[in-house]
Amino acid sequence: MNGAQSLIRTLVNCGVDVCFTNPGTSEMHFVAALDDVPEMRGILGLFEGVVTGAADGYARIAGRPAATLLHLGPGLANGWANLHNARRAHTPLVNIVGDHALPHKHLDAPLESDIEAIARAVSGWVRTSTSSEAVALDAADAVRASMEGPGQIATLILPADVSWSDARGPAEPTNPAVAGPPQAHRIEAVAAALGDGQPAALLVGGRVVRGEDGLVAAARVAAGTGAKLLCETFPPRLLRGAGVPAVERLGYLSEFAEMQLAGLRHLVVVDCKEPVSFFAYPDKASVLVPDGCQVHHIAEGDIDPVAALTALADELGAPAEVPLQAAGRPEAPTGDLTAQTMAEALGHLLPEGAIVSDEGNTAGLFVSGATAGCPPHDWLTLTGGAIGQGMPLATGAAVAAGDRKVVNLQADGSALYTIQSLWTQAREGLDVTTIILNNQSYAILNMELARVGAGEPGPMALSMLDLTNPVTDFCAVAQGLGVPAERATDAEGFTAALERALAIPGPALVEAMLPPTL
Ligand SMILES: Cc1ncc(C[n+]2csc(CCOP(=O)(O)OP(=O)(O)O)c2C)c(N)n1
Ligand SMILES: [Mg+2]
């Protein structure tokens, strides 16, 4: 057994049996070893941003890490933006980054670079494996590290000679530390503070909103105190729909978020960050917690946030029954195809148990409202603001999804960063319905241009935000990458095309032609 074989066998022993890859020469022993360990499913992505985003999407749904295989520093750097999003999502993810053989490194061959430096900026754990005898233990450590706390990125750098030299054999898994129980004094103090009758809100995210237990615990606290229930702006995975406690997401626009938080005296923050505005704007606040509002944390460090919220609800004597989202879908829309009618069509048709990868950006504004009463589904969002995530995330989610349908709500500009995700979807037969929101614009940047006070834009400035020359033909692109596609120009046509696409048990794409602004 060589190092690569012992590494892959160890990953499988540790429960990592999907590897999204984009390999090169230094990873050829790893690639060859895939046939020796048939339990490992290798999935090729045609750009590293697809590979890393897919690994993120996979873990958000599977609840356990996938591996990536990346080619030295440049491969890792190409995949970096979606690793940034995964880091923000606290996604467990194991990168295997190939490197030159150790005796080759000092020669400064063309692909030599400081891989550890690039890796450290997104990884909670980084190690370069230095011998084929140690690589199995290194791999087991990497998997364990990826699952530490809420989840993080672990990067194992794999020199080519560590892959090709003789190894002892695979290693067994080691367990991550389990989350600690809630701290009674903390819970009692927050319960007492919330008892003062002043305006309060709960801001929850991360693990709290992934599943029913957390959402019910949060809704109980809200019901028991009269506190408002809010969710972080971009949760990694939000369970929502009919019969599920509904949470209101904090707005992306700081003006809107400030209105949601106005007048609060207590803000209990659980498994997410205290709210700050996405960007700084001249003469506007960056910190969104209102003056005079006390911020409380009940589950810092390694404490299980759902257990802490449940303990708080119990401490408050909160009711067991909480308000649940009522069922309901919009009627099939008619007339012009707009962001609003597109949203209604999706709400009309969204399948039960769907997984939505949402990179809809401005044209997706009304979708949350239109789908609120649909049967229960999971919503995956752009956690780190680095666009080009939606299509890779949908791809990886579909690998983990079993028989659940994945719907990718995808803005046009962001689609064009990682459009080759479609090829992987076609090759693997993944059940993803992509809705391209073709507004032929970087619409949000037109809005931001005005908001930042950059002055009256000239024609050159405006052309930097305009995608009309030429207008992308997404149907042609999709078909070229092996995915059937239809273009829709009115509400009835879109609804019918979406219904047909959803009925296909594999990838399909609908291109919604939308006005350039909402
Ligand atoms: C990696 C990365 N590059 C650039 C940006 C800046 N950026 C933010 S939104 C945007 C354009 C989005 O356009 P589109 O996806 O079509 O959505 P729309 O604004 O039209 O709704 C760009 C370029 C970013 N957020 N991330
Ligand atoms: Mg656009």
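Counting starts at 1 for both ligands and their atoms, following the listed order.
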To which protein heavy atom is atom 16 (O) of ligand 1 closest, and what is the distance rounded to 0.1 Å?
D412 OD1, 2.6 Å

Would you mind naming the N, O or S atom of D412 nearest to the Mg ion (ligand 2)?
OD1

Can you tell me if T341 uses its side chain to pair, donor with acceptor, with the backbone of D336 under 3.5 Å?
yes

H71 backbone acceptor or donor facing N22 side chain under 3.5 Å
no

Between T395 and Q425, a side-chain donor and acceptor under 3.5 Å
yes

Could you tell me which atoms of ligand 1, counted from 1 in the order shown, lie closer than 4.0 angstrom to a heavy atom of G413?
14 (P), 15 (O), 16 (O)

Give a yes/no answer: is there an N/O/S atom of S414 under 2.8 Å from the Mg ion (ligand 2)?
no

Within the structure, does L467 bring an N/O atom to less than 3.5 angstrom of an N/O atom in ligand 1?
no

Less than 4.0 angstrom from a charged side-chain N to a carboxylate O is my criterion; do E428 and R41 meet it?
yes

salt_bridge(D17, R64) N-O dist < 4.0 Å:
yes

E232 and K273 ion-paired at < 4.0 Å:
no

Of all protein heavy atoms, the one nearest atom 22 (C) of ligand 1 is I387 CD1, 3.4 Å

How far is atom 21 (O) of ligand 1 from its nearest protein heavy atom, and which residue and atom is that?
T362 OG1, 2.5 Å

S414 side chain to N361 side chain, donor-acceptor N/O pair below 3.5 angstrom:
yes

Considering heavy atoms of the protein only, find what lies nearest to atom 17 (O) of ligand 1 and give residue, atom and distance to 0.1 Å.
N361 ND2, 3.2 Å

Q340 side chain to F366 main-chain N or O, any donor-acceptor pair under 3.5 Å?
no

I'd like to check which ligand 1 atoms, numbered from 1 as shown, lie under 4.0 Å from a non-hydrogen atom of G385.
24 (C), 25 (N), 26 (N)

Please state which part of S441 comes within less than 4.0 Å of ligand 1, counting heavy atoms only: side chain, backbone, both or neither.
backbone

Polar proximity ligand 1 side, A386 side, N/O cut 3.5 Å exclusive:
no

Below 4.0 Å, non-hydrogen atoms only: which portion of L445 touches ligand 1? Side chain, backbone, both or neither.
side chain

At less than 2.8 Å, would any N/O/S atom of S441, backbone or side chain, sit next to the Mg ion (ligand 2)?
yes

Protein heavy-atom contact under 4.0 Å for atom 10 (C) of ligand 1?
yes

Ignoring hydrogens and angles, tell me if any N or O in the side chain of R404 forms a donor-acceptor pair with the backbone of G353 under 3.5 Å.
yes

Polar-atom distance check: Y442 versus ligand 1, any N or O pair below 3.5 Å?
no

So, is A81 polar-close to ligand 1, with some N/O to N/O distance under 3.5 Å?
no

Can you see whether S421 engages T424 through a side-chain donor-acceptor pair at a distance of less than 3.5 angstrom?
no

Do the rings of Y281 and F279 sit parallel, tilted or perpendicular, given the 30° and 60° boundaries?
perpendicular

Distance to 0.1 Å, residue and atom name: give those for the protein heavy atom nearest to atom 4 (C) of ligand 1.
Y417 OH, 3.4 Å

Part of N439 with heavy atoms under 4.0 Å of ligand 1, whether side chain, backbone, both or neither
side chain

Between N95, D56, T21, which is the residue that forms a side-chain hydrogen bond (donor to acceptor under 3.5 Å, both in side chains) with T68?
N95

For A443, atoms of ligand 1 separated by under 4.0 Å from a heavy atom
18 (P), 19 (O), 20 (O)

